[in-house]
Amino acid sequence: MAAESRYQALFDPLKIGPVTAPNRFYQVPHCSGMGHALPRTLAAMRGMKAEGGWGVVCTEYCSIHPTSDDQPYPFAALWDDGDVANLAGMTQQVHAHGALAGVELWHGGSYVPNLASRLPSIGVRSMPSREEPVQSQRMDRSDIRAFRQWHLAAARRARAAGFDIVYVYPTHGYLMWEFLSRSRNDRSDEYGGSLENRARLLREVLEDTRAAVGDRCAIAVRFSADGHGDEHLSAAEAHDLIGLLDDLPDLWDLVVGDYYGEEMATSRFVHEAALEERIARVKRLTRKPVVSVGRFTSPDTMVRQLRTGVLDLIGAARPSIADPFLPSKIREGRLEEIRECIGCNVCYASNYRGAALRCTQNPTMGEEWRRGWHPERVPPGQGGSVLIVGAGPAGLEAAHILGKRGYSVTLADAAGEPGGRVTLESRLPGLAEWARVRDYRLTQLRSMPQVSMYLGNRLSADEVREFGADHVLIATGARWRRDGLGRWHSLAIEGLPTRGVLTPDDIMRGARPEGEVTIFDDDHYYMAPVIAVQLARAGAKVSYVTTTGSVSEWSHYTGEQERTQQQLLELGVQIRVSAAVVGFDGESVGLACVYTGREWRQRASTLVLVTSREPSDELYRELVGEEGAVPDLKIQRIGDCLAPALIAHAVFSGHKAARELDEAGEPAPAGRDRSVVPGN
Ligand code: ADP
Ligand code: SF4
């Protein structure tokens with residue numbers, strides 16, 4: 001089916017130097033948690049994007065040489081012919097669907113610690129690495145020459161691997177950025193001083209790359225549209241540089257200087273198309289095509305970027321993870337089927353934790369190769385009826401997939417509205433976009449007559465038995481504990497009164513304590529700070545207490561930690577780190593230092609406990625007894641009722657159960673992407 005004419009511009013081909021993108025959908029380089037270690041997993045995931053209609057599909061950061069080794073974070077590599085062979089697997093899968101493949105050649109400079117290779121990292125001068133207690137080696141002229149040779153050789157290998165677009169990457173704090181940085185670059189030779197001198201290495205690498213790839217590949221530069229702050233590269237200098245170098249690349253892939261705060265920020269802090277103004281300013285300075293990101297999920301916003309001349313290509317990382325088939329859905333006019341990214345950065349966190357990509361909205365992400373899951377297609381089932389109790393993310397996902405597989409599904413929920421925790425949490429400050437998890441699935445269910453939903457229906461075990469479904473999935477969720485038990489307290493806090501103690505469930509259901517409120521965060525993610533924001537804005541005097549050394553420590557992995565702590569400070573929330581709540585009497589809380597055990601009290605009329613959750617599995621237990629589910633009973637629990645975790649886990653759990661329903665015996669084990677030593 002043709003795209004609606006108002007979206008046609010998104011499907012016009014575009015020449016990028018010597019190659020032509022088939023449309024304007026461009027998956028910019030993004031971390032995958034797979035890198036060089038999981039080549040089949042990576043190839044299948046990138047290939048799926050091409051199948052879904054992305055006209056250009058790029059790798060993540062791809063190291064050119066062992067002096068740029070980011071272990072423990074997974075990075076791609078083009079160090080030798082083995083890497084060429086592995087990445088050729090990706091380019092083949094991308095080309096099979098008519099898309100172009102891009103590779104982001106990368107040298108981390110001082111930023112990387114080289115934990116695996118044990119080589120000193122190299123930098124414009126000796127500087128500490130990002131996290132490890134090691135410093136780089138200052139580059140002299142022979143090191144610069146060596147670096148150019150490595151980059152050139154990697155560009156040749158990129159060409160041999162079949163890439164169509166080769167990146168030069170002087171951004172995000174890496175090696176060529178160090179040379180551009182006014183404060184990092186203290187050289188007095190031809191590579192330091194004036195902007196032209198600081199940009200000399202970048203110019204040389206661009207010329208070398210052209211020599212390496214000839215007219216077979218396009219060259220892209222990933223560059224910050226507003227510089228990196230005056231101490232490094234001012235916006236004016238960044239603009240001058242684009243003018244100075246504009247003849248050399250075929251494409252500018254533009255980002256902004258504030259990576260965590262803006263470019264990669266979550267929907268709690270930044271909304272769609274947030275970079276637009278700054279990119280528009282730079283677009284006027286270049287004659288080359290421009291791609292940039294903005295967590296674009298609305299085709300109207302995308303088309304506006306092209307019409308107003310801000311962008312030539314619609315860049316996306318997260319929207320392409322949440323929905324690899326986003327371009328096809330726009331082309332076929334299936335806009336209501338787009339699975340919109342919610343901006344939670346769980347994808348980013350998985351890379352940060354060294355695990356293959358996962359996504360809250362798209363449970364098949366990262367499972368294309370090892371489980372053979374397709375984001376749009378599921379195999380038909382054996383038929384029969386399924387009762388799902390609980391319409392939270394796990395229940396909704398299971399109903400959606402089972403409906404697609406042809407089962408007759410009844411979905412019941414005690415609440416008057418569907419969505420479970422997603423509905424409740426999306427009403428907290430900054431989490432509105434999370435409702436997309438519910439809305440995407442409800443839209444799917446609307447076109448499935450084989451799925452019926454009954455709200456305001458709390459089912460008992462007898463009712464479940466009487467219903468007589470062939471299969472029962474219990475997706476009844478979890479509740480926040482009211483006794484303080486969690487990571488810090490392995491036993492309940494003694495002597496807690498019933499009045500004045502609240503949990504996130506109470507706040508989400510409308511409790512608004514006034515006066516002095518202490519929030520105890522032993523969960524370390526978004527819930528406690530978001531509640532602090534809610535209550536502080538409503539006028540309460542909020543004290544935030546956490547057992548870790550900073551606010552919302554785990555959100556470091558989603559890139560939100562700094563903005564979260566900043567937000568609480570700006571709202572006047574009192575922050576007490578490295579402390580635990582050890583008591584409460586309705587007038588004050590007892591606190592203890594987690595290091596010394598020293599105790600003290602502070603005034604509080606309300607204590608909000610954000611510690612851990614308890615599965616709401618009473619119904620399940622009543623149905624299966626102490627023995628637990630046996631296969632014949634065909635009753636299983638899914639989502640938070642099975643094991644409380646992130647929304648991403650609940651969606652995955654519902655998806656997996658729905659895919660594997662009726663599979664005889666144990667589900668097939670997931671594939672393992674590794675090489676096996678022959679003869680052992
Ligand atoms: P998950 O994240 O695992 O999907 P949620 O907590 O979001 O879990 O959703 C669980 C849902 O189950 C809630 O909407 C709740 O109203 C519903 N529920 C819990 N117990 C019952 C029951 N006995 N009958 C029907 N619905 C129930
Ligand atoms: Fe978007 Fe969250 Fe999925 Fe990442 S994990 S792509 S931010 S929905």
Side-chain angles (χ1 to χ4, degrees), residues 30-31 33 264-268 270 295 297 316-324 326 339-351 357-366 387-399 410-426 433-434 436-438 440-441 453-464 467 472-480 504-505 508-509 558-560 613-620 622-623 637-655 657:
H30 71 71
C31 296
M264 259 309 287
T266 60
S267 58
R268 270 169 73 190
V270 167
R295 215 160 49 72
T297 57
R318 289 171 289 178
S320 74
I321 295 169
D323 197 342
L326 187 149
R339 202 166 39 241
E340 289 181 286
C341 166
I342 69 167
C344 61
N345 280 7
V346 160
C347 48
Y348 184 70
S350 59
N351 181 75
L357 206 54
R358 58 208 51 183
C359 169
T360 302
Q361 273 284 53
N362 176 10
T364 68
M365 179 44 60
L387 172 64
I388 303 175
V389 188
L396 282 174
E397 175 66 7
T410 304
L411 179 59
D413 199 296
E417 54 186 338
R421 64 180 287 193
V422 165
T423 295
L424 294 170
E425 291 182 25
S426 65
E433 281 192 28
W434 291 24
R436 292 173 172 181
V437 173
R438 172 198 64 202
Y440 164 72
R441 288 161 181 88
M453 185 155 59
Y454 298 93
L455 299 173
N457 236 308
R458 179 171 294 280
L459 295 187
S460 65
D462 283 344
E463 285 167 323
V464 171
F467 193 86
V472 178
L473 298 181
I474 305 291
T476 46
R479 54 188 170 270
W480 287 92
D505 294 319
M508 288 190 282
R509 293 196 163 87
T558 55
E560 297 172 292
R613 290 184 295 153
E614 182 67 6
S616 298
D617 59 2
E618 295 78 5
L619 176 62
Y620 174 78
E622 219 181 308
L623 286 165
R637 60 200 152 146
I638 58 173
D640 289 317
C641 167
L642 174 66
L646 306 185
I647 295 168
H649 294 77
V651 172
F652 180 82
S653 168
H655 189 92

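Whatever order the structure lists them in is the order used to number ligands and atoms, beginning at 1.
- The atoms of ligand 2 that sit less than 4.0 Å from any heavy atom of Ile342 are 1 (Fe), 8 (S).
- For a distance bound of 2.8 Å, the N, O or S atoms of Cys344 include none lying that close to atom 4 (Fe) of ligand 2.
- With a 4.0 Å cut-off on non-hydrogen atoms, Val389 touches ligand 1 through its side chain and not its backbone.
- The residue among Gly390, Ala391, Ala475 with a heavy atom at the shortest distance from atom 10 (C) of ligand 1 is Ala475.
- Inclusion of Cys341 in the first shell of atom 3 (Fe) of ligand 2 is not supported: no N, O or S atom falls under 2.8 Å.
- Under a 4.0 Å N-O distance rule, the pair Glu433/Arg295 qualifies as a salt bridge.
- Protein heavy atom nearest atom 6 (S) of ligand 2, with residue, atom name and distance: Arg318 O, 3.3 Å.
- With contacts defined as side-chain heavy-atom distances shorter than 4.5 Å, the pair Glu463/Asn457 does not qualify.
- Ranking the protein heavy atoms by distance from atom 11 (C) of ligand 1 puts Asp413 OD2, 3.4 Å first.
- Contacts of Pro418 with ligand 1, taken as heavy-atom pairs under 4.0 Å, are absent altogether.
- Of the protein's non-hydrogen atoms, the one nearest atom 3 (Fe) of ligand 2 is Cys359 SG, 2.4 Å.
- The proximity of Ile647 to ligand 1, defined as any non-hydrogen pair under 4.0 Å, does not occur for either the backbone or the side chain.
- Taking every non-hydrogen atom of Arg421 and a distance limit under 4.0 Å, the qualifying atoms of ligand 1 come out as 2 (O), 5 (P), 7 (O).
- Set against the non-hydrogen atoms of Pro393, the atoms of ligand 1 under 4.0 Å away are 1 (P), 2 (O), 4 (O), 7 (O).
- Those atoms of ligand 1 that come under 4.0 Å of a heavy atom in Ala394, given as number and element, are 3 (O), 4 (O).
- In summary, the side chains of Arg438 and Thr423 do present a donor paired with an acceptor at a separation below 3.5 Å, with no hydrogens or angles considered.
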